[in-house]
A.B. asks: 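Here's a structure for you.
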Amino acid sequence: MNEGPRTGPAGSNSLRNGPDARGRFGGFGGRFVAETLMPLVLDLERAYEEARHDPVFRFEMDYHLKHYVGRPSPLWHAARLSRALGGARVYFKRDELNHTGAHKINNCVGQILLARRMGKTRIIAETGAGQHGVAAATVSALFGLPCTVYMGTTDVERQKPNVFRMKLLGAEVSPVSAGAGTLKDAMNEALRDWVANVRDTYYLIGTVAGPHPYPMMVRDFQSVIGEEAKAQIREAEGRLPDVAVACIGGGSNAMGLFHPFLDDPEVRLIGVEAAGKGLDTGRNAASLSRGRPGVLHGNRTYLLQDDEGQIIEAHSISAGLDYPGVGPEHSWLHDLNRVEYVAATDEEALAAFQLCTRTEGIIPALEPAHALAHVAKIAPAMAADKIILMNLCGRGDKDIFTVAEHLGVTL
Amino acid sequence: MSRIAQRFASLRRAGRGALIPFLEAFDPDAATSAMLFRGLPAAGADLIEIGVPFTDPMADGPIIQAAGRRALRAGATLRGTLGMVRDFRAADRDTPVILMGYLNPILSYGPEPFARDAAAAGVDGLIVVDLPAEESDLLVPHANANGLDIIRLVAPTTDDARLPKVLQGSSGFVYYVSITGITGTRSASLSELAANVPRIRRLTDLPIAVGFGVKTPAQAAEVVSVADAAVVASSLIATLAAALDAGGRPLPGLVARVLADVRALAEGVRGARRAA
């Protein structure tokens, strides 16, 4: 085992060198898993280290990202929206145009190539909104591997189109009724499956959480978002944005957008959590705003928990943000104050959803609608020469039933 | 000598293996749970494992998950569990008590005050499922300072190269998770155990307990023919769950039924032939 510091892409003062050899971002992260899984997690770390230095792996990644996913995704100047808000120029990084309609596929391509390299023959995944489940089912179909997706029963109900998509793609969708039947419970059940099927099964985690190396690996696979956006905004505007904004559930799209900008102090980074019914109602998913550090799902991070260390059920209108934890690198960036973490309510997200649809002709997922809700708060107070870059990380077709219900429309 | 070491030493002199029943604290309620623990030694428990309820028990199957939910509904907390141990200890000075659970409630309590309060309450050892050797510096110094044993899990996936790392810093006994899987599901065969237990034995003098999938008196007897102790959890909790009414309240005879199971398991263990 390499116990020395992991050398990153930048200098020693860089914020981009994490995690350390123990998988820690400061005091966050780590490998808090049962002994049965520990050897697998260490194996995965070794396999990923080899793969990421292998030009063949890099080539396969790039090939699939370009020809299968459709990268690079465009950078769109949302001019009508910007005018409607009055103030800063807003750009969308359009990861909703990826194959399968969200950023999740970036990570799935990377991990399925790794799973094949490791000789694994079965894929499992957890999903909340179903976007990661669909992406995992998609790459499993592409490579002919059987796939089981764990999904909470509440989410199965509110994300029916994605459940059917997964089934069409040949995946088995396994509903999880424990707890509130959301993403946390799905992740518990996926971990239980993994522990029972250690030899042949690859656990394809969809966000920057879980035991090391997942937070690092998923971030690396999602960083293509920020790298492209950085080059594209330079081309469009000749400079970096003033603000970059992304929504946060587990935080993979945000980590992917933020990571390439971490060493650019002139770029303000803002992560938007789900405030649900309100930050002080106890009905939200804002683990950084309202949680405290603890250990769940293999890593130490901010969690929604009670005074006894029992995990509190999250709530958000958006299934993809409905998680009581957050990736450990976000917890670290929060404590360092490098990224600002704010929150948007269900109502604000619904309003932003409609604003985006009507001004730009883009139906966003409810997840990035939270990011847009915050953009709508800050853009009007910014000068017209300021630039906001927002990750439009998923499209909203899956959410039209939820939105219709909230608008009192029967479909 | 710790209470755990003393108990295994006296069992060795008696030439038999140990029965370690596991029940979740506060399942189905505080009073019934306390009665169960109080009755375990006389029913033949040599050591006792008390599960600390957690909302997200990732290594547990449906039976123990349900036990945890009942316990949390009944108001279970880590502090309350320590209180239960203190009451047990007032009446029984000899039977070792091991707490088994997940890390977050301990972190929330604070590892240092927890180790101190646990030792003061009469806890002898800790099994923290999601605290592998790599992360255990978080708890081990506090456990050591308070005389608590840290009992590590060894799994079928723990290969010979890794085993010394896991055993380093283990004390009390070693808990061999006999299957790759969650609690209360499949069972290991005797031949699997006969292959794996000696593999651990070669590298440690600590007693070896086997758990996960040990359900019947016959299985428990098989386990102690190759190992030093058998841990039985889900099958006892299934008996408990079958003695609840539709609202989750205990039916008359619940305690007697669970303790009868323990007695049968103890007979199995005591009648087992020990490997030379």
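Just so we're on the same page: letters track the sequence lines, and every chain starts at 1. Remember, it's a predicted structure, so these values are computed and weren't measured experimentally.
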A.B. asks: Between A:R292 and B:S108, is there a side-chain heavy-atom distance shorter than 4.5 Å?
C.D. replies: yes

A.B. asks: Ignoring hydrogens, what is the shortest heavy-atom contact between B:P57 and A:R192? Give both atom names and the distance.
C.D. replies: O-NH2, 2.7 Å

A.B. asks: Does B:Q65 reach the main-chain N or O of A:A178 with its side chain, forming a donor-acceptor pair under 3.5 Å?
C.D. replies: no

A.B. asks: Find the one option among A:L296, A:D306, A:D185, A:D193 whose heavy-atom pairs under 4.5 Å with chain B are most numerous.
C.D. replies: A:L296

A.B. asks: Using a strict cut-off of less than 4.0 Å between a Lys/Arg side-chain nitrogen and an Asp/Glu carboxylate oxygen, indicate whether B:E135 and A:R300 qualify as a salt bridge.
C.D. replies: no

A.B. asks: How about A:F32 and B:V128: do any of their side-chain heavy atoms sit closer than 4.5 Å?
C.D. replies: no

A.B. asks: In terms of heavy-atom proximity below 4.5 Å to chain B, should A:V295 be classed as side chain, backbone, both, or neither?
C.D. replies: both

A.B. asks: Measuring from A:E308:CD to B:T77:OG1, what's the distance to the nearest 0.5 Å?
C.D. replies: 4.5 Å

A.B. asks: Measure across B:P132 and A:V33 and return the closest heavy-atom pair with its distance rounded to 0.1 Å.
C.D. replies: CD-O, 3.3 Å

A.B. asks: In terms of heavy-atom proximity below 4.5 Å to chain A, should B:I182 be classed as side chain, backbone, both, or neither?
C.D. replies: both

A.B. asks: From B:D56 CG over to A:N188 CG, what is the distance, rounded to the nearest 0.5 angstrom?
C.D. replies: 4.5 Å

A.B. asks: Between A:R31 and B:D130, does at least one N-O distance fall below 4.0 Å, as a salt bridge requires?
C.D. replies: no

A.B. asks: Is it the case that more than 12 heavy atoms not belonging to B:R199 sit under 6.0 Å from its CZ atom?
C.D. replies: yes

A.B. asks: Pick from B:L78, B:D60, B:L131: which one has the most heavy-atom pairs with chain A under 4.5 Å?
C.D. replies: B:D60

A.B. asks: If contact means a heavy atom pair closer than 4.5 Å, which residues of residues 152-163 of chain B contact chain A?
C.D. replies: B:L153, B:V154, B:A155, B:P156, B:T157, B:T158, B:R162

A.B. asks: Hey, which residues of residues 167-181 of chain B are touching chain A, say heavy atoms under 4.5 Å apart?
C.D. replies: B:V177, B:T180, B:G181

A.B. asks: Atom OH of B:Y109 and atom CG of A:D307: how far apart are they, to the nearest 0.5 Å?
C.D. replies: 13.5 Å

A.B. asks: Rounded to the nearest 0.5 Å, what separation is found between the OG1 atom of B:T55 and the CD1 atom of A:I312?
C.D. replies: 9.5 Å

A.B. asks: Which residue out of A:M187, A:H297, A:E313 racks up the most heavy-atom pairs below 4.5 Å with chain B?
C.D. replies: A:H297

A.B. asks: Is there side-chain contact between B:K165 and A:M38, with heavy atoms separated by less than 4.5 Å?
C.D. replies: no

A.B. asks: Tell me, do B:E134 and A:R22 make a side-chain contact under 4.5 Å, heavy atoms counted?
C.D. replies: no

A.B. asks: Taking side chain as everything from C-beta outward and backbone as N, CA, C, O, which of these in B:I106 sits under 4.5 Å from a heavy atom of chain A? Side chain, backbone, both or neither.
C.D. replies: neither

